[in-house]
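These notes are about the structure you will find just below.
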2 protein chains.
Amino acid sequence: MSKYHTVLNQSGLKATNQRLGILEVLRERGHSAIDDIYQRVKKHHPTISLATVYKNIEVMVERGVLLEVPIAGRKSQYEIKKRDHIHLICLECGSVMDEMIEAIPQERLAQVAQRDDFLLSSSQINLYGICHNCQASI
Amino acid sequence: MSKYHTVLNQSGLKATNQRLGILEVLRERGHSAIDDIYQRVKKHHPTISLATVYKNIEVMVERGVLLEVPIAGRKSQYEIKKRDHIHLICLECGSVMDEMIEAIPQERLAQVAQRDDFLLSSSQINLYGICHNCQASI
DNA sequence: ATCCTTGCAAATGATTTGCAAGAGT
DNA sequence: ACTCTTGCAAATCATTTGCAAGGAT
């Protein structure tokens, strides 16, 4: 019984090969857009349909297994939900890197929200720029 | 010669009524998705086409007149570019509020980027939760 | 055994494109 | 005058839906 098998069942979802395939791709890749996930899962599950990928991404986001990372000027990427972190998004190659969020105290964000009597539920920080690799190659 | 007329010309764009209409809607509303902009501009410019709105949003984002605000689970919204700020996004009604960014020191963000040798160009902070109005009405 | 999930194909929705006519500089 | 921009209609691309067959619990 794999780790993701358990995660899915605990979220009220059946652990189908298609779902496990999507999670395995995201574990390997870190972040991917829907069509990229589809292309990669197909290598192991040639019969999976794009509609199935859409349906599963949707339900897994709903249940909190996955997180959507919306990105300016591109399609959203998806990742397995883990503890909060910052995204460094390369404007050149589109790659997404994670960085731990401790640098930004959560209390600060909570204070900002309180100013407007806003009930904070989650936060999302994206930094846009040029990654190490692309700086070298431009 | 209106303020936006000048902004457009300085960005190398002709100040057409359609563009001024879009900017006027965004000035009034703060943030809007494309179809919402279209519906509102149409009131003053009944002949404007949706394709024109798309083309203009695209070129004005390219030239830095507008900023795209990508939002998890919804369509992107657009706003007139002003100094950096945080977005408070209501999960209930979809409204977007601005808050000044001083609460989050830019140096902190720069430090995080430096850890990965990432050349920072801009940042985007979204806080998701329930706005004051919706807290009252649920 | 039951209910959830899949894959297909069709439907819908969103965005982009090409081009002749019109508007801004 | 020149060039950029518009509006239209068509093309393309992205996403959703309905449903019968198959799979997980």
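Reminder, nothing fancy here: chain letters follow the sequence lines and each chain counts from 1. Computed from a prediction, not measured in an experiment: that's the story for all the values here.
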>> Side chain of B/Asn17 only, heavy atoms from C-beta on: which candidate in D/dA14, C/dG24, C/dC8 is closest?
In response: C/dG24

> Side chain of B/His5: nearest nucleotide among D/dT16, D/dC8, C/dT25?
Replying inline: C/dT25

> So which one's nearest nucleotide on DNA chain D is more toward 5', A/Ala15 or B/Leu13?
Replying inline: B/Leu13

> Which nucleotide sits closest to the side chain of A/Ile48: D/dC8, C/dG7, D/dA24?
Replying inline: C/dG7

> Counting side-chain heavy atoms from CB outward, which of C/dT25, C/dA14, C/dG24 is closest to B/Asn9?
Replying inline: C/dT25

> What's the CG-P distance between B/Leu50 and D/dC8, to the nearest Å?
Replying inline: 11 Å

> Does a side chain donor of either A/Ser76 or A/Glu68 reach within less than 3.5 Å of an acceptor in the other side chain?
Replying inline: yes

>> Please report the distance, rounded to the nearest Å, between CG in B/Leu20 and C1' in C/dG24.
In response: 11 Å

> Nearest of C/dT16, D/dT15, D/dA24 to any side-chain atom of A/Tyr54?
Replying inline: D/dT15

> Quick one: the side chain of B/Lys55 and the base of D/dG7, do they pair up donor-acceptor inside 3.5 Å?
Replying inline: yes

> If you check every side-chain atom of B/Lys14, which of D/dT15, D/dA24, C/dT25 has the closest atom?
Replying inline: C/dT25

> Are any of B/Gln18's side-chain N or O atoms less than 4.0 Å away from OP1 or OP2 of D/dG7?
Replying inline: yes

>> On DNA chain C, does the nearest nucleotide to A/Thr47 precede the nearest nucleotide to B/Ala51 from the 5' side, or the other way round? Give the residue.
In response: A/Thr47

> Between D/dT5, D/dT6, D/dA14, which nucleotide gets closest to the side-chain atoms of B/Asn56?
Replying inline: D/dT6

